[in-house]
Every structure is written in structure tokens, then in C-alpha cells.
Amino acid sequence: MPLYQTIQCNDHTQLLIWKITESLTDLESQVEMKPKTQLRFDNMKSELHKRAFLSVRMLLKEINLTDFDLHYDSSGKPYLDGDKHISITHSHQFAALIISDDFIGIDIELQRDKIQRIADKFVDKEFAYLIPKKTEEYIKKLTVIWGAKEAIFKIRNEKGISFKDHIEVNSFQLSENVTTAILHFDNFSTPYKVHFSEIENCTLVYAFVL
Ligand SMILES: CC(C)(COP(=O)(O)OP(=O)(O)OC[C@H]1O[C@@H](n2cnc3c(N)ncnc32)[C@H](O)[C@@H]1OP(=O)(O)O)[C@@H](O)C(=O)NCCC(=O)NCCS
């Protein structure tokens, strides 16, 4: 499938989602990469990862960019030539990117039962509003919380940030599709607005600095 969805988040932020249905060969025939990227691609072991990586480059083409415009810093954080910020995510069947004048982060997570087993690794104060007995809602809310923390981490990107100890996602209802969060780190508290929605069996989350 080509482009799955485009979301105009605000007048200077665009989000694009690709559903990864093409074969590796099909995608490879449509994407040109710079030598550095090609080397990284050639070293990837998983075909799923390679297809996701190429799907991100297909999304770049949708906004008239190419792999030659996309770079990575030493931590793996992507950036573009010019003033726009970019954030990238890929899950099993979706790849997505968000591009904005603001600092932004994005994450797509598959909704999985097993997130319950690792909840205490990334959830702390949020337990106050979670109801574990409502299993389906609990899994979906945990996935939003996880995605929010990944998205915020991708914005701030500093060593030492703990999802459990430093990022707090405020109470929300799944129907609201929006919440707020605070990163307490390095003697500062930074508030974020967090948007979330479901795409098939995945949760899409993106965050902005408030
Ligand atoms: C780097 C990290 C944010 C990637 O997230 P992920 O859910 O594993 O994978 P996603 O598919 O959502 O995102 C991958 C993309 O994130 C981007 N990325 C990688 N490192 C990044 C960083 N340091 N900052 C911002 N973005 C980063 C890249 O664009 C990457 O895709 P690409 O290399 O193909 O372009 C994540 O692995 C991580 O290190 N998180 C923080 C560590 C942590 O505290 N984890 C768990 C605590 S319980």
C-alpha cells in the first residue's frame, strides 16, 4: 500500500504514515540512498527492519525530500538540512514520520498483552489512574503511556532519562486522544502536549513541547 494516512497536526506540522505491505525488492527499486545509508541498510539483518527503513524513505518522497536530506547525530537522532525538525518511528506494519517547525517526537507501538508484565519498569505515578482489572483499556492506556515516554525521549534525547522516574503522563481517557506530560530532569520541569490515536492494532503517539 502506498501512503496510509497524512495528518496536518497544525499549520506547521505534518505527520505521514506508511503501511508496509510492499516486498523488499519492490521498495528497494523505488528508493535511492546515499552511500552511508546504503551501508547501514546492508548491515541490517531483519527484512522487516529493512522494509520499514525503506518505507520511511518512501514517506520522505511524499514531501519532496530524499535520503540525501536526512542525517543522524551520534545518538541516532534524525535531523534535516534546514530549520525543520523530524522524528521517525516504525513498528511491524507501519512506518511514520512527523516534520515540524517545533520540537516533536513520534512513536507507533503495537498493542500487546505483554506490556502488562513490564509496566512497573516504565510506570510510576500513572498507576494512580490505571485500572488493571479492565484489561483491554489497561493495555491500551499502558501503550499510550509507553508511546508518550518514547516520543518525549526522542525530543529531549539525553542520557540518564528514566521513563519511570523522570517522565509523568497525566491522567487521560482513551476517547480524549490528547493528554499532557511532564519531564522532570536536570533540575527543570518541561511540559509536553501528547496526542494519541489508534491505527488498526497499533497506538500512534506524538508529542510537542508545550
Ligand atoms: C532510541 C529509541 C527512542 C527508539 O525508539 P523505538 O521505539 O525503539 O523505535 P522506533 O521505531 O519508535 O524509533 C526508531 C527511530 O527513532 C529515531 N531515533 C533513534 N535514536 C534516537 C534518539 N536518540 N533520539 C531521537 N530519535 C532517535 C531514529 O530515526 C530511528 O529510526 P531510523 O534509525 O530507522 O531512522 C529507543 O530505543 C530508546 O533508546 N529509548 C530510550 C531508552 C529507554 O529509556 N528505554 C526504556 C526505559 S524502560
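In each ligand, atom 1 is the first atom listed, and ligand 1 is the first ligand listed. Starting from 1, each residue takes its place in the sequence as its number.
- Between His49 and ligand 1, no pair of N/O atoms sits closer than 3.5 Å.
- Judged by the 6.0 Å distance and 45° axis criteria, Arg57 is positioned over the aromatic ring of Phe53.
- Classification of the His49-His90 ring pair by plane angle, with boundaries at 30° and 60°, yields tilted.
- If you look at Glu109 next to ligand 1, the close heavy atoms, those under 4.0 Å, all belong to the side chain.
- Of the protein's heavy atoms, His90 NE2, 3.4 Å lies nearest to atom 31 (O) of ligand 1.
- Atom 40 (N) of ligand 1 has as its closest protein heavy atom Glu150 OE1, 3.5 Å.
- At least one heavy atom of Arg40 lies less than 4.0 angstrom from ligand 1.
- Summary of contacts: the protein heavy atom closest to atom 23 (N) of ligand 1 is Asn157 OD1, 2.7 Å.
- Under the 4.0 angstrom criterion for non-hydrogen atoms, Tyr79 is not in contact with ligand 1.
- Heavy atoms of Asp107 found under 4.0 angstrom from ligand 1 belong exclusively to the side chain.
- Between His195 and Phe208, the ring planes lie perpendicular to each other; the angle is over 60°, past the 30° to 60° tilted range.
- Distances from atom 19 (C) of ligand 1 to the protein include at least one heavy-atom value under 4.0 Å.
- Between Asn157 and Ser75 the shortest heavy-atom distance is ND2-OG, 2.8 Å.
- The proximity of Thr89 to ligand 1, defined as any non-hydrogen pair under 4.0 Å, involves the side chain as well as the backbone.
- Those atoms of ligand 1 with a heavy atom of Gly76 less than 4.0 angstrom away are 17 (C), 18 (N), 19 (C), 20 (N), 21 (C), 27 (C), 28 (C).
- Nearest heavy atoms, Glu62 versus Trp18: OE2-CZ3, 4.0 Å.
- Within the 4.5 Å cutoff, no side-chain heavy atoms of Thr179 are placed close to those of Ser171.
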Worksheet item: Where do Tyr206 and Phe196 land on the ring pair (Phe, Tyr, Trp, His ring centres under 6.0 Å) test, with the steps shown first?
Response: CA-CA 7 Å; Tyr206 60 95; Phe196 56 85; 9.8 Å; no
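- Proximity of atom 37 (O) of ligand 1 to the protein is not indicated, since no non-hydrogen protein atom lies closer than 4.0 angstrom.
- Near Phe53, with a cut-off below 4.0 Å to any heavy atom, the atoms of ligand 1 are 34 (O).
- Residues Lys154 and Lys77 form no side-chain contact, since every pair of their non-hydrogen atoms from C-beta on lies 4.5 Å or further apart.
- Closest to atom 4 (C) of ligand 1, if we only count protein heavy atoms, is Lys154 CE, 4.0 Å.
- With salt bridges taken as basic N to acidic carboxylate O contacts below 4.0 Å, one links Glu200 and Lys19.
- Counting only heavy atoms, the protein gets under 4.0 Å from atom 15 (C) of ligand 1.
- Counting protein heavy atoms only, atom 39 (O) of ligand 1 is closest to Phe153 CE2, 4.2 Å.
- In this structure Tyr72 satisfies the ring pair (Phe, Tyr, Trp, His ring centres under 6.0 Å) test with no other residue, sequence neighbours excluded.
- Classified by interplanar angle (parallel below 30°, tilted 30° to 60°, perpendicular above 60°), the ring pair Phe103/His85 is tilted.
- Residues meeting the ring pair (Phe, Tyr, Trp, His ring centres under 6.0 Å) test with Tyr138, sequence neighbours left out: none.
- The heavy atom nearest to atom 35 (O) of ligand 1, considering only Phe163, Phe41, Tyr72, is found in Tyr72.
- Looking at atom 46 (C) of ligand 1, its nearest protein heavy atom turns out to be Trp146 CH2, 3.7 Å.
- The ligand atoms of ligand 1 that sit less than 4.0 angstrom from a heavy atom of Ser75 are 20 (N), 23 (N).
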